[in-house]
Amino acid sequence: MEQIGTGNKQKEFEVTKLQENIGQTITIHGSIYKIRKMSGFCFVIVRTARYTVQCVCDRQEIIAQLQEEACVELEAKVVEEKRAKMGAELHITGIYVLARPQAQMPIVMNQKQIEASLENKLDYRPLTLRNEKERAIFRIQEGIMRGFRKFFEEEGFTEIHSPKLVCEGAEGGANIFQLDYFGRNAYLAQSPQFYKQMMVGVFERVYETGPVFRAEKHDTSRHLNEYTGVDLEMGYIKSFRDLMEAEVRMLRFAFNLLREEYCFELELLKVKLPEIRQIPAVRFSEAKALVRERTGRVPGESHDFEPEEEKYLSEIIFEKTGSEFVFVTHYPTAKRPFYAMEDEENREETLSFDLIFRGLEITTGGQRIHDYEMQVEKMKARGMNVDVFESFLMMHKHGMPPHGGLGIGLERLTARLLEFENVRSASLFPRDIHRLTP
């Protein structure tokens, strides 16, 4: 009988160690990314899990087997070549073809840049992501999340996984997907808001990374109908500013990790990582006044920022402080959800904030109402049916500490870090009002 799990994992050759193996014969696997035929020999670029490796082949019986996007195992001699990315190249001595493509590529994806519209890139996403620069986007996104997770671990957060099928939307309104749940109405979660608040009463500090669904009929460069939310919630806070301080530390931690461990991708995409020491904060009313002073026009939206206003505010703050980030605090009560804590000094304002990065809001957060009577009173004042929220109010009724949290849109953060104009470029398989495939 065959026994599984008793052997040692066969170690794969690390292509970053080519220079340490000059003169050695090694075996690697990967896909043939590009073939450039010359007179009597050819250059072969092999795509491995993270890097591309330059190979040379002058054996005609091997050249005859080469095909772009074929999956292969290669035997090769490591030869020093200072002009190659790794300081060495591989001279192929043997090949074993594991799988061959059965159709010609519908789009050219093995150049430095994919010369195609964003729509075409997304239509052929399983293929265009094989491009070295396209896949580097999501290596960097992975690095951001690794940084966040390490930060959460160091600061004593517990990871949770809340349901995505719910009986009521956390944010309310019409921007919620409804579905049939065994004969009754259910919805796709707009946020893990209720559950992460509940879990503060259990673990004190929690975080979650998962899909967020918004049934908004926006067709803009900044909106998705499904995106990845990075949510945290903290108990026993003294002020909503504790949350802002935590986010500063979290971003600083993640960017430092990128700087240390993702140099290859950062250089490939020419990423300008911002230095984060402190992030300036400005009250919503003051921010509106700054933008009005800059533009000379009265905005149409009085309780929120219009996209152009976020861009103007970022320009103003960068000129004044050199920071590419700015916190906007004390958003109007009329604009914030029913669970937002109001400022005791001015009930028309909430103890909440947004974080704007390079002209785009990437975070919304704030302190929550933890007192049962206060929460019920606010819900009734908004004409809400308190009975529908019985399971949510259970935590308030039985004691909750002062708490608050925030949510970051991972795709938006990635898009602004890489200075993409369209958030879809930073979404692996975007879901918007037009797109359900691939």
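Relative to the ring axis of Tyr33, Arg47 does not place its NZ or CZ within 45° and under 6.0 Å from the centre. The cationic group of Arg277 does not satisfy the cation-pi geometry with Phe255, failing either the under 6.0 Å distance to the six-membered ring centre or the 45° limit from the ring axis.
A donor and an acceptor atom, one from each side chain of Thr25 and Glu75, are nowhere located under 3.5 Å apart. No side-chain donor from either of Ser39 and Lys37 sits under 3.5 Å from a side-chain acceptor of the other. Looking at Thr350 and Arg336, their side chains never bring a donor and an acceptor atom within 3.5 Å of each other.
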Q) Where do Phe148 and Leu413 land on the side chain to side chain contact (heavy atoms under 4.5 Å, CB included) test, with the steps shown first? A) CA-CA 12 Å; Phe148 286 168; Leu413 173 57; 3.7 Å; yes
Q: Check the pair Glu411, Thr228 against side chain to side chain donor-acceptor pair (under 3.5 Å), reporting the backbone distance first and the verdict last.
A: CA-CA 7 Å; Glu411 290 86 355; Thr228 305; 3.0 Å; yes
Q: Quick one: do Arg149 and Glu159 satisfy salt bridge (Lys or Arg N to Asp or Glu O under 4.0 Å)? Show the steps, please.
A: CA-CA 9 Å; Arg149 287 182 186 279; Glu159 184 174 9; 2.9 Å; yes
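Crowding of Lys272 atom NZ: a count of heavy atoms from other residues, nucleotides or ligands under 6.0 Å not exceeding 12. Counting non-hydrogen atoms of neighbouring residues, nucleotides and ligands closer than 6.0 angstrom, the CD atom of Glu261 exceeds 12 such neighbours. When the shell of 6.0 Å around CD of Glu61 is examined, it contains more than 12 heavy atoms from other residues, nucleotides or ligands. Other residues, nucleotides and ligands contribute only 12 or fewer heavy atoms inside 6.0 Å of the CZ atom of Arg83. Dense packing is recorded around CD of Glu319, with more than 12 heavy atoms of other residues, nucleotides or ligands lying under 6.0 Å away. Applying the 6.0 Å contact sphere to NZ of Lys77 captures no more than 12 heavy atoms from other residues, nucleotides or ligands. Within a 6.0 Å sphere centred on CD of Glu142, other residues, nucleotides and ligands contribute more than 12 heavy atoms.
Annotation: side chain of Ser162 is not in contact with side chain of Lys196 (no heavy-atom distance under 4.5 Å). Side-chain contact between Leu251 and Phe151: absent, with no pair of heavy atoms (C-beta onward) separated by less than 4.5 Å. Using a 4.5 Å cut-off on side-chain heavy atoms (C-beta onward), Arg259 and Glu275 make contact. Looking at heavy atoms from C-beta onward, Gln54 lies out of side-chain contact with Lys85 at the 4.5 angstrom threshold. Between Asn21 and Phe13, the closest side-chain pair of non-hydrogen atoms falls below 4.5 Å. Between Leu351 and His330 there is a side-chain heavy-atom pair separated by less than 4.5 Å. Within the 4.5 Å cutoff, side-chain heavy atoms of Val15 are placed close to those of Met86. When side chains are defined from C-beta on, Arg435 counts as touching Asp123, because their heavy atoms get closer than 4.5 Å.
With Glu310 contributing its side chain and Glu361 its backbone, the two residues share a donor-acceptor pair below 3.5 Å. In this structure, Thr52 contributes its side chain and Ile45 its backbone to no donor-acceptor pair below 3.5 Å. Remark: side-chain polar atoms of Lys288 are paired, donor with acceptor, to backbone N or O of Asp304 under 3.5 angstrom. Thr363 contributes no side-chain N or O that, together with a main-chain N or O of Leu355, makes up a donor-acceptor pair within less than 3.5 Å. Arg358 contributes no side-chain N or O that, together with a main-chain N or O of Ser314, makes up a donor-acceptor pair within less than 3.5 Å. Between the side chain of Asp231 and the backbone N or O of Glu208 there is no donor-acceptor pair closer than 3.5 Å. Of the possible donor and acceptor atoms, one in the side chain of Gln190 sits under 3.5 Å from a partner among the backbone N and O of Asn175. Distance alone, capped at 3.5 Å, is enough to place a donor-acceptor pair between the Asn225 side chain and the Arg214 backbone. Under the 3.5 Å distance criterion, the side-chain polar atoms of Gln60 are matched with a main-chain donor or acceptor of Gly40. Under a 3.5 Å cut-off, the side chain of Glu20 and the backbone N or O of Lys17 do not form any donor-acceptor pair.
Under the ring pair (Phe, Tyr, Trp, His ring centres under 6.0 Å) criterion, Phe305 pairs with Phe284, sequence neighbours left out. Every side chain to side chain donor-acceptor pair (under 3.5 Å) that His434 has, sequence neighbours left out, goes to Asp219. When the ring pair (Phe, Tyr, Trp, His ring centres under 6.0 Å) test is applied to Tyr181, no partner is found at least two apart in sequence or on another chain. Scanning for salt bridge (charged side-chain N to carboxylate O under 4.0 Å, His left out) contacts around Glu153 gives an empty result, with sequence neighbours left out.
When all heavy atoms of Val78 and Leu90 are compared, the pair lying nearest together is CG2-CD2, 3.7 Å.
With respect to Glu267 and Lys270, a salt bridge is recorded, a charged nitrogen being found less than 4.0 Å from a carboxylate O.
Evaluation of the ring pair (Phe, Tyr, Trp, His ring centres under 6.0 Å) test over residues 79-131, restricted to residues two or more places apart or in two chains, returns none.
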For residues 420-428, dump all side-chain donor-acceptor pairs below 3.5 Å to protein atoms at least two apart in sequence or in another chain.
unit_1	atom_1	unit_2	atom_2	d
Asn422	OD1	Arg424	N	2.9
Asn422	OD1	Arg424	NH1	3.1
Arg424	NE	Asp432	OD2	2.6
Arg424	NH1	Thr220	O	2.7
Arg424	NH2	Thr220	O	3.3
Arg424	NH2	Asp432	OD2	3.4

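Each of Gln197, Arg368, Arg205 was checked for a side-chain hydrogen bond (donor to acceptor under 3.5 Å, both in side chains) with Glu233, and the lone residue meeting it is Arg368.
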